S.K.: 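This is the structure, below, for whatever I ask next.
In this text, all values refer to a predicted model and were calculated from it rather than measured experimentally. Naming convention: chains lettered A, B, ... in sequence-line order (proteins, then strands); numbering from 1 in each chain.
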Protein chains: 2
Amino acid sequence: MALFVSTFINKVDRKGRVSVPASFRSALSAQPFAGIVVYPALTSAAIEGCGTAFLEDLAASAEASFDLFSPEQDDLNTLIFASSHQLAWDPEGRVVLPEEILAHAHITEQAAFVGKGRTFQIWEPDALKAHQAEARERALKNRPQLVLRRPETK
Amino acid sequence: MALFVSTFINKVDRKGRVSVPASFRSALSAQPFAGIVVYPALTSAAIEGCGTAFLEDLAASAEASFDLFSPEQDDLNTLIFASSHQLAWDPEGRVVLPEEILAHAHITEQAAFVGKGRTFQIWEPDALKAHQAEARERALKNRPQLVLRRPETK
DNA sequence: TGGGAAATTATGGGCGTCAATGGATTCTCA
DNA sequence: TGAGAATCCATTGACGCCCATAATTTCCCA
């Protein structure tokens with residue numbers, strides 16, 4: 001499988017290590033770098049996660065044409081690269097989340113890995129519950145639109 | 001890994017030496033020159049950094065076609081080459097930043113190495129914070145949804 | 001179909017290695 | 001020969017690797 005699906009809640013041990021779910025690891029097994037890339041989500045107290053391919057695409061498009069990218073987009077790329085961390089996992093499949101990243105998501109003892117297709121997120125479990133409750137409410141309200149919407153495939 | 005990612009804050013000792021982050025060094029391990037290239041950023045109080053390969057690409061594209069690069073861009077390249085410094089690192093991976101470069105970025109005790117993909121920057125830590133806060137605000141204001149956009153990987 | 005047996009995964013902890021840093025010593029060239 | 005620069009050495013603290021254990025899950029076969 002090449003997609004991140006489902007939710008896994010794993011423990012953060014006293015050394016700060018967390019097991020990356022096995023299915024996530026196998027989804028990334030094709031890439032050369034044995035690990036994940038994480039950066040703080042801009043609009044929520046969560047951590048964005050992905051493979052190295054994402055960053056390479058970002059770098060490629062950024063240098064391909066400066067005209068395609070607005071200063072704002074450039075800001076964004078800058079922020080993402082600057083606040084990203086390449087985390088190699090150990091032989092057991094664990095990574096240590098950097099302090100600043102943990103703080104951003106208020107993670108202390110447990111981390112919830114949430115599959116989002118081609119990317120994933122890491123949440124503090126309780127914060128995730130709250131976030132999902134909101135999302136659920138919004139979804140119910142906007143149901144008519146959701147039903148009509150088509151998945152965008154490229 | 002061939003990209004400069006993440007941010008590292010290292011100390012400048014009394015002899016002016018700074019450790020180049022290990023991950024940056026390994027990103028440059030393929031090139032023949034054991035060191036980095038730095039030049040003052042044109043629009044901010046920061047230092048631009050890259051490997052020799054990037055400079056060569058810059059030179060190549062500048063002379064390959066004047067249509068791709070405007071006269072202004074050509075001026076830019078001239079400025080960059082003129083004010084560039086090739087800094088070899090010592091056996092421990094440290095470089096000495098030239099006085100004029102340090103002054104331009106107001107660096108005294110600490111230097112923040114900021115990954116930007118194929119290049120990186122060096123900032124005075126506090127100045128970097130301020131700059132990132134601005135960038136973050138601009139990015140959020142203009143198009144938060146850009147964050148969600150992601151090129152597909154195959 | 002109902003057990004086990006084996007493989008996989010999550011978790012804990014010990015230990016060696018390496019990166020960052022500071023200082024001393026040697027080298028080089030004017 | 002002296003000053004600046006480059007190399008060498010020494011410390012410490014973090015990180016990666018190894019092994020051990022436990023809790024699953026998968027698989028095999030009676």
S.K.: Between which nucleotides of DNA chain D, 5' to 3', does chain A make heavy-atom contacts below 4.0 Å?
M.R.: dG16(D) to dC19(D)
S.K.: For the helix from dT1(C)-dA30(D) to dA30(C)-dT1(D), what angle lies between the axis at the first five pairs and the axis at the last five pairs, to 10 degrees?
M.R.: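 So the angle between the two local helix axes works out to 40°.
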S.K.: Mark up nucleotides 6-18 of chain C, 5' to 3', with B wherever a protein heavy atom is under 4.0 angstrom from a base atom, S wherever such an atom reaches only the sugar-phosphate, and - elsewhere.
M.R.: ---SSBBBB----
S.K.: Taking ring-ring contact (aromatic ring centres under 6.0 Å, His included) as the test, write out the residues that go with Phe33(B), two or more places apart.
M.R.: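 If we apply the ring-ring contact (aromatic ring centres under 6.0 Å, His included) test to Phe33(B), skipping adjacent residues, there are no hits.
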S.K.: I'd like to check the side-chain hydrogen bond (donor to acceptor under 3.5 Å, both in side chains) partners of Asp126(A); sequence neighbours left out, ordered by chain and number.
M.R.: none
S.K.: Show your working on side chain to side chain donor-acceptor pair (under 3.5 Å) between Gln110(A) and Glu124(A) and close with a plain yes or no.
M.R.: CA-CA 7 Å; Gln110(A) 289 190 318; Glu124(A) 197 285 320; over 6 Å; no
S.K.: Which residues pass the salt bridge (charged side-chain N to carboxylate O under 4.0 Å, His left out) test with Arg94(A), sequence neighbours left out?
M.R.: Asp90(A), Glu92(A)
S.K.: Please tabulate the protein-to-nucleotide N/O contacts below 3.5 Å involving nucleotides 26-30 of chain C, giving atom names and distances.
M.R.:
none

S.K.: Using the test ring-ring contact (aromatic ring centres under 6.0 Å, His included), find all partners of Phe81(A) that sit at least two apart in sequence or belong to another chain.
M.R.: none
S.K.: Just to verify, what does His85(A) make a side chain to side chain contact (heavy atoms under 4.5 Å, CB included) with, not counting sequence neighbours?
M.R.: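 His85(A): side chain to side chain contact (heavy atoms under 4.5 Å, CB included) contacts with Val38(A), Leu87(A), Pro98(A), Glu100(A), Ile101(A), Ser6(B).
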S.K.: Do the ring centers of Phe4(A) and Phe24(A) come within less than 6.0 Å of each other?
M.R.: yes
S.K.: Sequence neighbours excluded, which residues qualify as side chain to side chain contact (heavy atoms under 4.5 Å, CB included) partners of Val12(A)?
M.R.: Val18(A), Ile107(A), Ala111(A)
S.K.: Hydrophobic cluster mates of Val114(B), side-chain heavy atoms under 4.5 angstrom, ILVMFWY only, any path?
M.R.: Trp123(B), Leu128(B)
S.K.: Both Pro91(B) and Trp89(A) contact DNA chain D. Which one's nearest nucleotide lies toward the 5' end?
M.R.: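 Closest to the 5' end, via its nearest nucleotide, is Pro91(B).
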S.K.: Are side-chain heavy atoms of Phe54(A) and Tyr39(A) found at a separation under 4.5 Å?
M.R.: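 They are in side-chain contact.
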S.K.: Taking only residues two or more places apart in sequence or in another chain, which ones pass side-chain hydrogen bond (donor to acceptor under 3.5 Å, both in side chains) with Gln31(A)?
M.R.: Thr52(A)
S.K.: Between Val96(A) and Leu28(A), is there shared hydrophobic-cluster membership here, with clusters defined by ILVMFWY side-chain heavy atoms closer than 4.5 Å?
M.R.: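 No, no single cluster joins them.
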